[in-house]
Amino acid sequence: CTSVVAEDKTGKLFHARNLDFGLFLGWNATTHAWKVTEQLRPLVVNLDFQRNNATVFKSVNYAGYMGILTGIRPKAFTLTMNERFNIDGGFIGILEWLLGKRDGMWMGFLTRQVLENATSYEEAKNKLAQTKLLAPAYFILGGNKSEEGCVITRSRAASLDIWEISLKQGRWYVLETNYDHWKDPLFLDDRRTPAMKCMNRTTQANISFGTIYDVLSTKPVLNKLTTYTTLMDVSEGKLETYLRDCPNPCMPW
Amino acid sequence: VGQYVPPYTEECRSGTYPPSGPTFKGQAPWYKINLDISPRQRWHQLISDKKAELNSLIQGIKDLANAFFPSGKLVELVDKYMGPLADTLPFPFGDEIKGIAEAADIPLGEIVLFNVFYELFTV
């Protein structure tokens with residue numbers, strides 16, 4: 001996955017992501033594609049969660065999965081999550097849950113609860129940073145005011161780091177793939193360097209839905225695991241989702 | 001050919017929006033989820049529309065599991081032990097999962113597995 005929160009020169013925030021899933025889950029030698037990735041694409045839907053006929057939040061889901069990987073609470077915040085691999089992973093969390101130790105939260109259910117109940121960027125950030133989880137994760141959160149954008153790096157028990165947009169330091173966007181931002185990505189899976197190169201080339205003055213879509217369409221940011229690209233504008237409550245494919249030549253991850 | 005081998009080789013794209021061409025496969029459809037109705041009912045319309053696709057995905061995962069465990073025991077274990085997990089999930093998620101399984105006509109344990117896929121795959 002690749003997620004990015006960026007602020008333009010007027011203080012408007014954009015949040016976008018590629019959702020990549022299905023690595024090593026079967027290879028279709030005829031279509032040159034991952035099997036599960038192919039089967040997930042037709043399940044991608046935009047959801048408008050309503051109460052009293054009014055939108056509470058919107059999300060992008062795979063039909064049948066009720067947690068949230070990508071969502072927007074209009075005028076308040078935007079949220080995506082990226083997978084964080086760790087030896088102390090969710091498998092242990094599930095075992096603990098089965099054995100009756102149930103003080104941790106399932107990742108997808110926490111993000112759903114945050115989108116349903118939190119009403120501000122700060123409230124969402126605190127809940128995502130402080131709630132004990134069953135699995136490690138990266139939460140990428142955007143707000144509706146200048147400099148409200150961060151990557152929360154989570155272990156199961158705690159927040160390891162919160163990396164925020166800082167205009168003073170020249171950091172007008174934060175971008176996360178599937179590696180801790182203070183470490184180098186795996187050399188075989190470096191989507192961060194090309195994505196940042198394209199963001200830097202775009203410049204803050206030109207950031208928009210169109211230019212972010214360009215970045216997320218550049219291989220290997222776009223790859224054979226990419227199921228969809230979502231663009232979100234919190235101030236207008238806008239969410240657009242496009243199903244993706246990556247015909248050859250294209251990186252398998 | 002360079003795309004097959006890391007590191008990155010493609011130049012930054014431009015002018016790809018609005019989306020079109022071979023990397024664009026359409027827009028995702030919209031559905032309303034009514035939080036005012038019972039958790040068991042709120043996913044019904046969506047799952048009815050996507051029943052065939054969801055069944056195809058679950059079957060694909062089962063085929064994969066059966067390729068590693070040809071006896072079919074793994075799928076049996078999922079059906080037997082993952083289903084009851086739904087009753088331990090916080091409200092309203094357990095009821096929502098049961099509603100999805102009913103609407104899709106898929107064993108509850110397999111829908112639970114789909115919903116905890118993230119936790120399983122972080123190792």
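Letters A, B, ... mirror the listed sequences (proteins, then strands); counts begin at 1.
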What part of [X] gets closer than 4.5 Å to chain B, counting heavy atoms only: side chain, backbone, both or neither?
X	result
Leu95(A)	neither
Val60(A)	neither
Glu116(A)	side chain
Leu47(A)	both
Arg191(A)	neither
Leu216(A)	neither

Original post:
Leu54(B) versus chain A, heavy atoms under 4.5 Å apart: side chain, backbone, both or neither?
Top reply: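 Both parts, backbone and side chain.
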**OP:** Go through the atoms of Trp30(B) and report whether side chain, backbone, both or neither lie under 4.5 Å from a heavy atom of chain A.
**Re:**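 Both backbone and side chain.
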Subject >> Distance in Å, Met66(A) CE paired with Ile111(B) CD1, rounded so as to fall on 0.5 Å steps >> reply: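 With rounding to 0.5 Å, CE (Met66(A)) is 10.0 Å from CD1 (Ile111(B)).
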**OP:** Work out which heavy atom in Glu10(B) is nearest to a heavy atom in Ser217(A); give both atom names and the distance.
**Re:**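 Minimum heavy-atom separation between Glu10(B) and Ser217(A): OE1-O, 4.0 Å.
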Original post:
Which atom pair, heavy atoms only, marks the closest approach of Pro42(A) to Glu53(B)?
Top reply: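 Of all heavy-atom pairs spanning Pro42(A) and Glu53(B), the closest is CB-CG, 3.8 Å.
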**OP:** Give the ring-plane orientation class for Phe21(A) versus Phe117(B), where under 30° counts as parallel, over 60° as perpendicular and anything between as tilted.
**Re:**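 Correct class here is tilted.
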Original post:
Are side-chain heavy atoms of Leu231(A) and Tyr17(B) found at a separation under 4.5 Å?
Top reply: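 Result yes, sub-4.5 Å side-chain heavy-atom pair found.
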Original post:
How about Glu96(B) and Phe109(A): do any of their side-chain heavy atoms sit closer than 4.5 Å?
Top reply: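 Contact flag for Glu96(B)/Phe109(A) side chains = no.
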